[in-house]
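Notes to accompany the following structure.
The model shown is predicted, which means the values in this text are computed figures rather than measured ones.
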Amino acid sequence: MTIDLRSDTITKPTPEMLTAMCEAEVGDDVWGDDPTVKALEAKAAEQFGVEAALFCASGTMTNQIAIRALTQPNDQVICDQLAHIYNYEGGGIASNALLSVRLVTGERGKIAPQQVVENINPDDIHFPVTRLVALENTVNKGGGNYYTIKEIEAIWEVCQQHQLKLHLDGARLFNALVETGDSPKDYGKYFDTISLCLSKGLGCPVGSVLLGTDETIKKARRIRKVMGGGWRQAGFLAAAGIYALDHHVTRLKEDHQRAKEVGKLLQATSFIKKVFPVDTNIVVGEVVEDLQIPEVVATLAAQDIKVSTFGRRYIRLVTHLHFDDEALTTLATRLKKLTLPVAS
Ligand SMILES: *Cc1c(COP(=O)(O)O)cnc(C)c1O
């Protein structure tokens, strides 16, 4: 059995999800004719208490569309240096929205309200106009740590005071919600736009949803078309999303419990110096100085354990729908017999 913990995106639809997909009623979504896409959009909007939603192909697409919809060319966006929108979206902020980025160094990717205040440009023609703050919850590169709604409210207040828009990259927002018990409607209240991924822990094959006002989503739909993201009988994919929202949210808690176990197992190995606190479904471990990342990854791969990396010192393991208790036991057995040659 391959233990694939590279990402929570590697999951395949369960038989029940596949059935829901096959039974979907579909139409041409570019023509506004797909009832299942409309049902997914309505369901997500309702859950978060917002006016509208837009079903898109990826989280990168929903983030990029949102950033463009909320800004003007030459504006500036404030985000943490670990942000996905900055690190992992191919520099799209520059080409899709024509923005510059003001990076701040938060606490494992979490920004404090004061950092927003300190990074707002003065009203002076030399400086780009600070227009948008973008947060990420949970923080991928921070190791799956999360904001509470109280922390978000404080940032929202600063944004209100300074007329800044607020976007959330909520690729794994449901992982945060099952830990905090915070209400999706509060999120809907504080953010101008929210991007949710269905293809991560929720186990869908494809898809993200963008949430916002009627006006913003109308604009977003236009931008999606320009990006080539208008799609036809997308209801087959939307049906997976509806199924996931109904059946795969509360079970995320299991992923978090297993991630904690994975963290303990990793900490007990000879090749990991330190494991980040495990808050949700992401486990990040710092490799001991004597070893190089490729060696560690290859040794694990030889045991049929797949992991991903963050930079040159960290490995990342993400738990998901297919990583059950049996897989955890198998992982434990394989890790225990694994000895990496540590140079003395
Ligand atoms: C995965 C991810 C995205 C979007 O990814 P896609 O692969 O484009 O769907 C955005 N933000 C974060 C934090 C992510 O982990």
Side-chain angles (χ1 to χ4, degrees), residues 9 13 16-73 85 89 92 95-98 132 165-171 173-174 184-185 187-189 191-200 202-249:
T9 57
E16 295 80 10
M17 181 182 277
L18 263 184
T19 301
M21 293 171 73
C22 289
E23 289 174 354
E25 203 189 318
V26 298
D28 190 329
D29 182 54
V30 173
W31 290 80
D33 278 352
D34 192 301
T36 309
V37 169
K38 284 183 171 170
L40 170 66
E41 290 172 346
K43 185 180 176 70
E46 204 273 325
Q47 189 177 1
F48 283 80
V50 299
E51 288 174 359
L54 183 68
F55 183 42
C56 293
S58 70
T60 300
M61 186 181 263
T62 42
N63 280 331
Q64 292 294 318
I65 289 174
I67 291 165
R68 180 153 158 199
L70 296 174
T71 61
Q72 298 292 327
I85 58 164
E89 301 188 5
S95 56
N96 291 319
L98 307 174
L132 175 67
K165 303 281 188 192
L166 187 56
H167 170 70
L168 178 66
D169 177 352
L173 178 56
F174 287 107
K185 291 206 166 58
Y187 274 82
K189 210 162 62 191
F191 288 96
D192 293 285
T193 46
I194 299 174
S195 160
L196 302 169
C197 283
L198 301 168
S199 57
K200 299 271 165 88
L202 298 190
C204 292
V206 171
S208 288
V209 174
L210 182 65
L211 304 170
T213 61
D214 281 330
E215 194 190 344
T216 304
I217 294 301
K218 189 177 173 201
K219 222 169 159 181
R221 195 176 290 280
R222 190 172 266 284
I223 297 167
R224 186 187 69 171
K225 188 75 182 81
V226 172
M227 287 181 169
W231 43 5
R232 305 298 180 179
Q233 286 71 31
F236 292 118
L237 298 171
I242 292 170
Y243 183 87
L245 290 176
D246 286 337
H247 299 97
H248 289 173
V249 174

What residue pairs, at least two apart or across chains, pass salt bridge (charged side-chain N to carboxylate O under 4.0 Å, His left out) with a residue in residues 235-246?
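Checked against salt bridge (charged side-chain N to carboxylate O under 4.0 Å, His left out) - neighbours excluded - the pairs reaching residues 235-246 are Lys43-Asp246.
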
Pairs involving residues 211-221, ordered by first then second residue, that meet salt bridge (charged side-chain N to carboxylate O under 4.0 Å, His left out) (sequence neighbours left out)
Glu41-Arg221

I need the minimum non-hydrogen distance between [X] and [Y], along with the two atoms involved.
{"X": "Gly59", "Y": "Ser208", "answer": "N-OG, 2.9 Å"}
{"X": "Gly230", "Y": "Val30", "answer": "C-CG2, 3.6 Å"}
{"X": "Ala240", "Y": "Cys204", "answer": "O-SG, 3.3 Å"}
{"X": "Asn63", "Y": "Glu89", "answer": "ND2-OE2, 2.9 Å"}
{"X": "Asp34", "Y": "Glu25", "answer": "OD1-O, 3.8 Å"}
{"X": "Leu18", "Y": "Pro13", "answer": "CG-CB, 3.9 Å"}

If I take atom [atom1] from residue [X] and atom [atom2] from residue [Y], how far apart are they, to the nearest 0.5 angstrom?
{"X": "Phe236", "Y": "Glu23", "atom1": "CZ", "atom2": "CD", "answer": "11.0 Å"}
{"X": "Leu198", "Y": "Thr62", "atom1": "CG", "atom2": "OG1", "answer": "9.0 Å"}
{"X": "Leu70", "Y": "Thr216", "atom1": "CG", "atom2": "OG1", "answer": "6.0 Å"}
{"X": "Leu40", "Y": "Leu245", "atom1": "CG", "atom2": "CG", "answer": "6.5 Å"}
{"X": "Leu196", "Y": "Cys56", "atom1": "CG", "atom2": "SG", "answer": "11.0 Å"}
{"X": "Leu173", "Y": "Leu211", "atom1": "CG", "atom2": "CG", "answer": "9.0 Å"}

Consider salt bridge (Lys or Arg N to Asp or Glu O under 4.0 Å). Of Lys225, Lys38, Arg224, which one does Asp29 pass it with?
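Testing each of Lys225, Lys38, Arg224 against Asp29, the sole residue satisfying salt bridge (Lys or Arg N to Asp or Glu O under 4.0 Å) is Arg224.
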
Quick one, [X] and [Y] - any side-chain contact, counting heavy atoms below 4.5 Å?
{"X": "Val249", "Y": "Leu202", "answer": "yes"}
{"X": "Leu132", "Y": "His167", "answer": "yes"}
{"X": "Leu237", "Y": "Pro205", "answer": "yes"}
{"X": "Asn96", "Y": "Ile67", "answer": "no"}

Parallel under 30°, tilted from 30 to 60°, perpendicular over 60°: which one fits the rings of Phe55 and Trp231?
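Phe55 and Trp231: tilted rings.
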
Within the side chain of Ser195, is there an N or O that forms a donor-acceptor pair under 3.5 Å with the backbone of Asp169?
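Here the side-chain-to-backbone pair does not exist.
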
Please list, chain by chain and in numerical order, all residues satisfying salt bridge (charged side-chain N to carboxylate O under 4.0 Å, His left out) with Asp192, sequence neighbours excluded.
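Once residues adjacent in sequence are excluded, Asp192 has no partner under the salt bridge (charged side-chain N to carboxylate O under 4.0 Å, His left out) criterion.
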
